[in-house]
> 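Here's a structure for you.
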Amino acid sequence: MTCEACRTIPPVIAEGYTPKGTSSVIGELGFKTYITGPPTSKTAILTIYDIFGNSPQTTQGADILAARLNALVIIPDFFDGPGAKHEWVPADTTEKAKLLMAFVNTKASWVDAARQIPNLVDVYKGCFPNVERWGAYGLCWGGKVLALSSGQGTRLAASVQVHPGRMDGADAQNIAIPHAILASKDEPVAEVEKYAEFIKEKGLGGFVETYEGMWHGWMGARANLEKEESLKEYVRG
C-alpha cells in the first residue's frame, strides 16, 4: 500500500511537464493568472515568479504545493507576457545590460509590483470568497517584491523569499508578518544574516535556511530537475 504522500503529492517531472491548473484573466486589473488547487480552499498562496516569468519549473512547484497543502495556489502574470530572456544573463556586455535594464524599468519594477499586491489580493478575494488566509512566496525577483510588500497593513498572513534577488537586510526592518528565507549559496551572506537576526529578534515567526549546495535560481526558471541532488533540493524547498 502506498503512503498518503505517495497518493496525493505528484512526482516532479524533469521534462515535458503538463500543468495541472488553468489560466484566466481575472478582475478589472486584467491580470492573467495561473490557478491550481481547489478554488474552495480556505488557504491561498500567491506565487511571485522570477524575472524569467512563469517557467515550467515554477508552474510545477505551484502544482506540487497545491496538492501537498490542499491549497489554492495562484501565479499572477506581472509581466503580462514573456519574462526576461535567459541569454541576457549574465549581463556581461553593453547590449545585454541595456536589454535587461530596459525590461526591469518597463515591466519588472519591484516597487511597482509591490504596490500592486494589496489590490491584487483584494481582487482575488472577490473571486475566491472561501479563502480566509493569504500567503505568498517569491522566487528571486518575486522575493524582492515580497520583501517590499510584507510590512504593516499587508493583506498577507505570511511570506517567503526563495533565493531572493537584490537582497538587502534593510528591507527586513519593515516586515510585519511571519517570514522565511530559503537562500542559495549565491546570496550575500551578510544580508542573509541580517534577515536571520531580525526574524529572531522580532519574534514574528519564520526562519532562514541556506541551501549550501544550490545556486541562485534552483527553484525557479534555473531549476535543474535532471540531476539527482538539485531535484532533491527542489522538492525539499
> Could you give the distance from CG (L182) to OG1 (T210), rounded to the nearest 0.5 Å?
9.5 Å
> Which atom pair, heavy atoms only, marks the closest approach of G126 to P129?
O-CD, 4.1 Å
> Step through it carefully: locate the ring centre of Y234, locate the ring centre of W218, and say whether they are under 6.0 Å apart.
no
> Which atom names give the shortest non-hydrogen contact between F198 and I175, and what distance separates them?
CZ-O, 3.6 Å
> Looking at P90, is its backbone amide N or carbonyl O close enough to the side chain of K96 to form a donor-acceptor pair, meaning the two atoms are under 3.5 Å apart?
yes
> side-chain contact (heavy atoms from CB on, under 4.5 Å) between L148 and V111: does it pass, once the steps are laid out?
CA-CA 7 Å; L148 300 177; V111 174; 4.3 Å; yes
> With sequence neighbours excluded, what pairs up with D171 under the salt bridge (charged side-chain N to carboxylate O under 4.0 Å, His left out) test?
K144
> Yes or no on salt bridge (Lys or Arg N to Asp or Glu O under 4.0 Å) for E233 and R236, after CA distance, side-chain angles and deciding distance?
CA-CA 5 Å; E233 294 294 73; R236 183 165 77 93; 2.9 Å; yes
> Who are the ring pair (Phe, Tyr, Trp, His ring centres under 6.0 Å) partners of F52, not counting sequence neighbours?
H86
> If you take all heavy atoms of A97 and A91, which pair is closest and at what distance?
CA-CB, 3.7 Å
> Would you say the side-chain atoms of S150 pair up with the backbone N or O of L146, donor to acceptor, closer than 3.5 Å?
yes
> Which pair of heavy atoms, one from I26 and one from C127, lies closest together, and at what distance?
CG2-SG, 3.3 Å
> Can you check whether I181's main-chain N or O pairs, donor with acceptor, with Q161's side chain at less than 3.5 Å?
no
> Does any N or O in the side chain of S24 come within less than 3.5 Å of the main-chain N or O of T33, such that one atom is a donor and the other an acceptor?
no
> Any donor and acceptor pair, going by atom type alone, linking the side chain of T154 with main-chain N or O of S149 inside 3.5 Å?
yes
> Is V123 linked to F128 within one hydrophobic cluster, defined over Ile, Leu, Val, Met, Phe, Trp and Tyr using a side-chain heavy-atom separation of less than 4.5 Å?
yes
> Would you say NZ of K232 has more than 12 non-hydrogen atoms from neighbouring residues, nucleotides or ligands within 6.0 angstrom?
no
> Contact between F207 and K200 at the side-chain level, heavy atoms closer than 4.5 Å - yes or no?
no
> Show me the side-chain donor-acceptor pairs of residues 132-139 shorter than 3.5 Å, one per line, residues at least two apart or across chains.
from	atom 1	to	atom 2	distance (Å)
Y137	OH	T47	OG1	2.9

> Are any side-chain N or O atoms of W141 and backbone N or O atoms of A108, one a donor and one an acceptor, separated by less than 3.5 Å?
yes
> Are there over 12 heavy-atom neighbours, none belonging to E228, within less than 6.0 Å of that residue's CD?
no
> Identify the heavy atoms of I199 and H179 that sit nearest to each other, and give their distance.
CD1-O, 3.3 Å
> For Q60 and L225, run side-chain contact (heavy atoms from CB on, under 4.5 Å): C-alpha distance rounded to whole Å, both residues' side-chain angles, the deciding distance at 0.1 Å, then the answer.
CA-CA 11 Å; Q60 187 170 182; L225 306 183; 3.8 Å; yes
> State which residues pass side chain to side chain donor-acceptor pair (under 3.5 Å) with R155; sequence neighbours excluded, sorted by chain then number.
D122
> Is a donor on one side and an acceptor on the other found under 3.5 Å between the side chain of H216 and the backbone of S184?
no
> Between the main-chain N or O of N105 and the side-chain N or O of S109, is there a donor-acceptor pair closer than 3.5 Å?
no
> Listed by chain and number, what are the side chain to side chain contact (heavy atoms under 4.5 Å, CB included) partners of P38, not counting sequence neighbours?
T40, S41, N70
> Looking only at atom types and distance, does a side-chain atom of Q57 sit under 3.5 Å from a main-chain N or O of A221, one as donor and one as acceptor?
yes
> Between A62 and T36, what is the shortest heavy-atom contact and its length?
O-CG2, 3.7 Å
> Using side-chain heavy atoms (C-beta onward) and a distance below 4.5 Å, is Y211 in contact with H163?
no
> Can you tell me how far CD1 of I48 sits from OG1 of T58, rounded to the nearest 0.5 angstrom?
11.0 Å
> To the closest 0.5 Å, what do you measure between CD (Q173) and CG (D168)?
10.0 Å
> Look up atom CH2 in W215 and atom CG in D186, then write down how far apart they are to the nearest 0.5 Å.
10.0 Å
> Is the closest side-chain heavy-atom distance between R222 and V89 below 4.5 Å?
yes
> Within the structure provided, determine whether I51 and F103 are in side-chain contact (heavy-atom separation under 4.5 Å).
yes
> Nearest 0.5 Å, please: how far is CD1 in I45 from CG in L65?
5.5 Å
> Which residues pass the salt bridge (charged side-chain N to carboxylate O under 4.0 Å, His left out) test with R115, sequence neighbours left out?
D112
> Can you tell me how far the CE atom of M101 sits from the OG1 atom of T106, to the nearest 0.5 Å?
10.0 Å
> Run the side chain to side chain donor-acceptor pair (under 3.5 Å) test against E197 and tell me which residues pass, sequence neighbours left out.
none
> Looking at Q152, I'd like to know if its CD atom is crowded, meaning that more than 12 non-hydrogen atoms belonging to other residues, nucleotides or ligands lie closer than 6.0 Å.
no
> Got a sec, which residues hit salt bridge (charged side-chain N to carboxylate O under 4.0 Å, His left out) with E187, two or more places apart in sequence or on another chain?
none
> Among residues at least two apart in sequence or on other chains, which ones pass salt bridge (charged side-chain N to carboxylate O under 4.0 Å, His left out) with K107?
none
> Decide yes or no for V192 and M167: does some side-chain heavy atom of the first lie under 4.5 Å from some side-chain heavy atom of the second?
yes
> For residues 72-79, dump all side-chain donor-acceptor pairs below 3.5 Å to protein atoms at least two apart in sequence or in another chain.
from	atom 1	to	atom 2	distance (Å)
D77	OD1	Y49	OH	2.7
D77	OD1	F79	N	3.4
D77	OD1	D80	N	3.2
D77	OD2	G81	N	3.0

> Just to verify, what does K42 make a side chain to side chain donor-acceptor pair (under 3.5 Å) with, not counting sequence neighbours?
none
> Apply side chain to side chain donor-acceptor pair (under 3.5 Å) to Y34 and list each qualifying residue two or more places apart in sequence or on a separate chain.
D63
> Given side-chain contact (heavy atoms from CB on, under 4.5 Å), test S230 with M214 step by step and report yes or no.
CA-CA 7 Å; S230 54; M214 292 295 103; 4.0 Å; yes
> Strictly distance-based, threshold 3.5 Å: is any side-chain N or O of T59 a donor or acceptor partner for the main-chain N or O of S55?
yes
